[in-house]
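We count ligands from 1, going down the list as the structure has it; atoms in each ligand are counted the same way.
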Amino acid sequence: MTTALNHRTRFTDRTALVTGAGSGIGRAIALALAAEGANVVVAGRRRDPLDETVTLIEGAGGKALAVTADVSLATDVQAAVAATVDHFGSLDVAVNNAGVFRGGAPVADLPEEDWHSQLAINVTGVFLALQAQVRQMRTQPAGGAIVNIASTFGVHTRHPGAAAYAATKAAVSVLTRGAALDHIGDGIRINAVSPGAVETPMSLRPGESEADRADRARATLPLGRISTTQEVAAAVLYLASDDATSVVGTDLVVDSGGTA
Ligand SMILES: NC(=O)c1ccc[n+]([C@@H]2O[C@H](COP(=O)([O-])OP(=O)(O)OC[C@H]3O[C@@H](n4cnc5c(N)ncnc54)[C@H](OP(=O)(O)O)[C@@H]3O)[C@@H](O)[C@H]2O)c1
């Protein structure tokens, strides 16, 4: 008998919806879920990057569907959940990863539009997605699991020039805990992952190259490097899986030891 020791299939026969899955962390989460057997619906505003994620998943033998949606619009997130259920029959896992960072300026100089857009996408987007996802999951005998992507910039650390973004991510952490309490009785586990700096363009400071960022990480992070998107995905999959059946309302930090 041969055993594929490293091949885990925690999500076989489950369907996952990942927002912001056309790039970066969201794409890595979608690929990881598919690699462990999930049917994956990838959502975001731009079609082409979503189609690329679907192609990658299908190329690896998985099943995926792209749905364009702006998470700041209730009708769009409701339609994404409906499309998920229409296409694959259920919504078992949802990952609310879509987010934007508009920083660099101190509070007094931040354009008001940057405040509103970050609130609309990072906070209202997670709230609306939670509503649509929970309303579906609580109709299912097996319930579901939801993971929201917050950030160490929220409740865990402070950085100049990022107050508005930090406020939105703190809101995601707090919203996660409250929603977890509200809906564990519905059979739905809700948790958050708070990444520190991750290897996507979002963690580059203005004018900084990837090499500069690596130097900064070597000098400032206990691990000596920033996190990979796969490392963040691994934390998300843990919380979304049956490995975490008694983990409710936690906020798992994945930050190379930055807040240790
Ligand atoms: N990178 C880091 O160092 C880091 C650290 C901590 C937390 N995070 C968080 O991790 C998440 C992913 O970040 P990332 O680094 O992977 O950045 P990214 O590559 O820019 O990914 C963000 C994704 O969100 C989507 N998105 C943005 N606004 C949206 C909207 N209104 N509706 C639907 N989708 C939307 C984008 O696609 P469209 O533009 O096509 O919609 C994009 O695919 C974010 O929530 C971010 O705040 C990142």
**Q** Near Gly20, which atoms of ligand 1 are under 4.0 Å from a heavy atom of that residue?
**A**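 In order of numbering, the contacting atoms are 23 (C), 24 (O), 25 (C), 43 (O).
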
**Q** At a 4.0 Å threshold, what atoms of ligand 1 neighbour a non-hydrogen atom of Gly24?
**A**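 Those qualifying, in numeric order: 16 (O), 19 (O).
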
**Q** Of all the non-hydrogen atoms in the protein, which one sits nearest to atom 33 (C) of ligand 1, and at what distance?
**A**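 Atom 33 (C) of ligand 1 sits closest to the protein heavy atom Ala69 O, 3.2 Å.
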
**Q** For atom 27 (C) of ligand 1, what is the nearest protein heavy atom, given as residue, atom name and distance?
**A**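 Answer, as residue, atom name and distance: Arg45 NH2, 3.3 Å.
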
**Q** Check Ala197 against ligand 1 and report side chain, backbone, both or neither, counting heavy atoms closer than 4.0 Å.
**A**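 Within the 4.0 Å criterion, Ala197 contacts ligand 1 through backbone atoms alone.
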
**Q** Numbering the atoms of ligand 1 from 1, which are under 4.0 Å from a heavy atom of Ser203?
**A**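 The list of qualifying atoms is 3 (O).
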
**Q** Go through the steps to decide whether Thr245 and Asp242 satisfy the test side-chain hydrogen bond (donor to acceptor under 3.5 Å, both in side chains), and finish with yes or no.
**A** CA-CA 5 Å; Thr245 42; Asp242 289 348; over 6 Å; no

**Q** With a 4.0 Å cut-off on heavy atoms, is Pro49 touching ligand 1?
**A**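 Contact absent.
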
**Q** I'd like to know if Tyr165 contacts ligand 1, where contact means a heavy-atom distance under 4.0 Å to any ligand atom.
**A**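 Checking ligand 1 against Tyr165, which is what was asked, there is a heavy-atom contact under 4.0 Å.
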
**Q** Answer with side chain, backbone, both or neither: which part of Val198 has a heavy atom less than 4.0 angstrom from an atom of ligand 1?
**A**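 The part of Val198 near ligand 1 is both the backbone and the side chain.
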
**Q** For Thr19, is the nearest heavy atom under 4.0 Å from an atom of ligand 1?
**A**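 Under 4.0 Å: no for Thr19.
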
**Q** Can you check whether Ser90's main-chain N or O pairs, donor with acceptor, with Gln136's side chain at less than 3.5 Å?
**A**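 Answer holds: no.
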
**Q** Between the candidates Ser23, Ala21, Gly22, Ala129, which shows the shortest non-hydrogen contact distance to atom 21 (O) of ligand 1?
**A**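 When every heavy atom of Ser23, Ala21, Gly22, Ala129 is considered, Ser23 comes closest to atom 21 (O) of ligand 1.
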
**Q** Are any side-chain N or O atoms of Arg189 and backbone N or O atoms of Ser241, one a donor and one an acceptor, separated by less than 3.5 Å?
**A**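 Confirmed, Arg189 side chain pairs with Ser241 backbone.
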
**Q** Starting from atom 17 (O) of ligand 1, locate the nearest protein heavy atom and write down its residue, its atom name and how far away it is, to 0.1 Å.
**A**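 It is Met202 CE, 3.4 Å.
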
**Q** Using the ring of each side chain (for Trp, its six-membered ring), is His159 parallel, tilted or perpendicular to Phe153, with breaks at 30° and 60°?
**A**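 Correct class here is parallel.
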
**Q** Out of curiosity, is Gly125 lining ligand 1, as in a heavy atom under 4.0 Å away?
**A**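 For ligand 1, residue contact (heavy atoms, under 4.0 Å) with Gly125 is absent.
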
**Q** Return the residue, atom name and 0.1 Å-rounded distance of the protein heavy atom closest to atom 14 (P) of ligand 1.
**A**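 For atom 14 (P) of ligand 1, the nearest protein heavy atom is Thr200 OG1, 3.8 Å.
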
**Q** For ligand 1, indicate whether the residue Arg27 contacts it via side chain, backbone, both or neither (heavy-atom separation under 4.0 Å).
**A**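 For Arg27, no heavy atom sits under 4.0 Å from ligand 1.
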
**Q** With heavy-atom distances below 4.0 Å as the criterion, list the atoms of ligand 1 near Asn97.
**A**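 By the 4.0 Å cutoff, the relevant atoms are 10 (O), 11 (C), 12 (C), 44 (C), 45 (O).
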
**Q** Just which atoms of ligand 1 are under 4.0 Å from any heavy atom in Asp70?
**A**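 Checking each atom against Asp70, I get 30 (C), 31 (N), 32 (N).
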
**Q** What residue and heavy atom of the protein are closest to atom 9 (C) of ligand 1, and at what distance?
**A**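 Minimum-distance protein heavy atom for atom 9 (C) of ligand 1 reads Ile149 CG2, 3.8 Å.
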
**Q** Is it the case that ligand 1 has an N or O less than 3.5 angstrom from some N or O of Ser72?
**A**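 No, there is no polar N/O contact under 3.5 Å.
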
**Q** Any idea which heavy atoms bring Val42 and Ala30 closest together, and the distance?
**A**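 Val42 and Ala30 have their closest heavy atoms at CG1-CB, 3.8 Å.
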
**Q** Among Thr152, Val253, Ile226, Ile149, find the one that has a side chain to side chain contact (heavy atoms under 4.5 Å, CB included) with Pro195.
**A**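 Testing each of Thr152, Val253, Ile226, Ile149 against Pro195, the sole residue satisfying side chain to side chain contact (heavy atoms under 4.5 Å, CB included) is Ile149.
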
**Q** Apply salt bridge (Lys or Arg N to Asp or Glu O under 4.0 Å) to residues Arg213 and Glu208 and explain how you reach the verdict.
**A** CA-CA 7 Å; Arg213 183 179 61 188; Glu208 192 179 52; 5.6 Å; no

**Q** Only heavy atoms of Gly44, strictly under 4.0 Å: list the atoms of ligand 1 that pass.
**A**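 Those atoms are 33 (C), 34 (N), 41 (O).
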
**Q** Looking only at distance, does Val71 have an N or O less than 3.5 Å from an N or O of ligand 1?
**A**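 So ligand 1 has an N or O lying under 3.5 Å from an N or O of Val71.
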
**Q** Does ligand 1 have any atom that is closer than 4.0 Å to a heavy atom of Pro201?
**A**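 For ligand 1, residue contact (heavy atoms, under 4.0 Å) with Pro201 is absent.
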
**Q** Before accepting this row, confirm whether a basic side-chain N of the pair Glu52/Arg27 lies closer than 4.0 Å to the acidic partner's carboxylate O.
**A**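 Salt bridge: yes.
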
**Q** At their closest point, which heavy atom of Leu73 faces which heavy atom of Leu128, and how far apart are they?
**A**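 What the structure gives for the nearest pair is C-CD1, 4.0 Å.
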
**Q** Note the single closest protein heavy atom to atom 5 (C) of ligand 1, along with its residue, its atom name and the distance in Å.
**A**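 For atom 5 (C) of ligand 1, the nearest protein heavy atom comes out as Gly196 O, 3.0 Å.
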
**Q** Closer than 4.0 angstrom: is that true for some heavy atom of Glu199 and an atom of ligand 1?
**A**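 No; Glu199 lies far enough from ligand 1 that no heavy-atom distance drops under 4.0 Å.
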
**Q** Testing the basics here: between Ile146 and Asn96, what is the closest heavy-atom pair and its distance to 0.1 Å?
**A**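 The answer is CG2-ND2, 3.6 Å.
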
**Q** Please report which non-hydrogen protein atom sits nearest to atom 26 (N) of ligand 1, along with the residue it belongs to and the distance in Å to one decimal place.
**A**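 Answer for atom 26 (N) of ligand 1: Ala98 CB, 3.9 Å.
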
**Q** Any donor and acceptor pair, going by atom type alone, linking the side chain of Thr250 with main-chain N or O of Leu252 inside 3.5 Å?
**A**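 Not confirmed, Thr250 side chain does not pair with Leu252 backbone.
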
**Q** Linking I/L/V/M/F/W/Y whenever any side-chain heavy atoms sit under 4.5 Å apart, do Val193 and Val123 land together?
**A**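 No; tracing contacts between hydrophobic side chains, which count when under 4.5 Å, never links both residues.
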
**Q** Does Asp70 offer a backbone N or O that forms a donor-acceptor pair with the side chain of Asp76 under 3.5 Å?
**A**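 Such a contact is found between Asp76 side chain and Asp70 backbone.
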
**Q** Nearest to atom 37 (O) of ligand 1, what protein heavy atom do you find, and at what distance?
**A**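 Its nearest protein heavy-atom neighbour is Arg46 NH2, 3.6 Å.
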
**Q** Should Ala150 be listed as contacting ligand 1, given a heavy-atom distance under 4.0 Å as the test?
**A**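 Heavy atoms of Ala150 do come under 4.0 Å of ligand 1.
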
**Q** Are the side chain of Asn191 and the backbone N or O of Val147 linked by a donor-acceptor pair below 3.5 Å?
**A**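 No, the answer is negative, given that no donor and acceptor are paired below the 3.5 Å cut-off.
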
**Q** Between Ser194 (side chain) and Ala150 (backbone), is there a donor-acceptor pair under 3.5 Å?
**A**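 No, because the side chain of Ser194 does not come within donor-acceptor range (under 3.5 Å) of the backbone of Ala150.
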
**Q** Examine distances only and state if a side-chain atom of Gln140 and a backbone atom of Leu91 form a donor-acceptor pair shorter than 3.5 Å.
**A**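 The answer is yes, because a donor-acceptor pair under 3.5 Å joins these two groups.
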
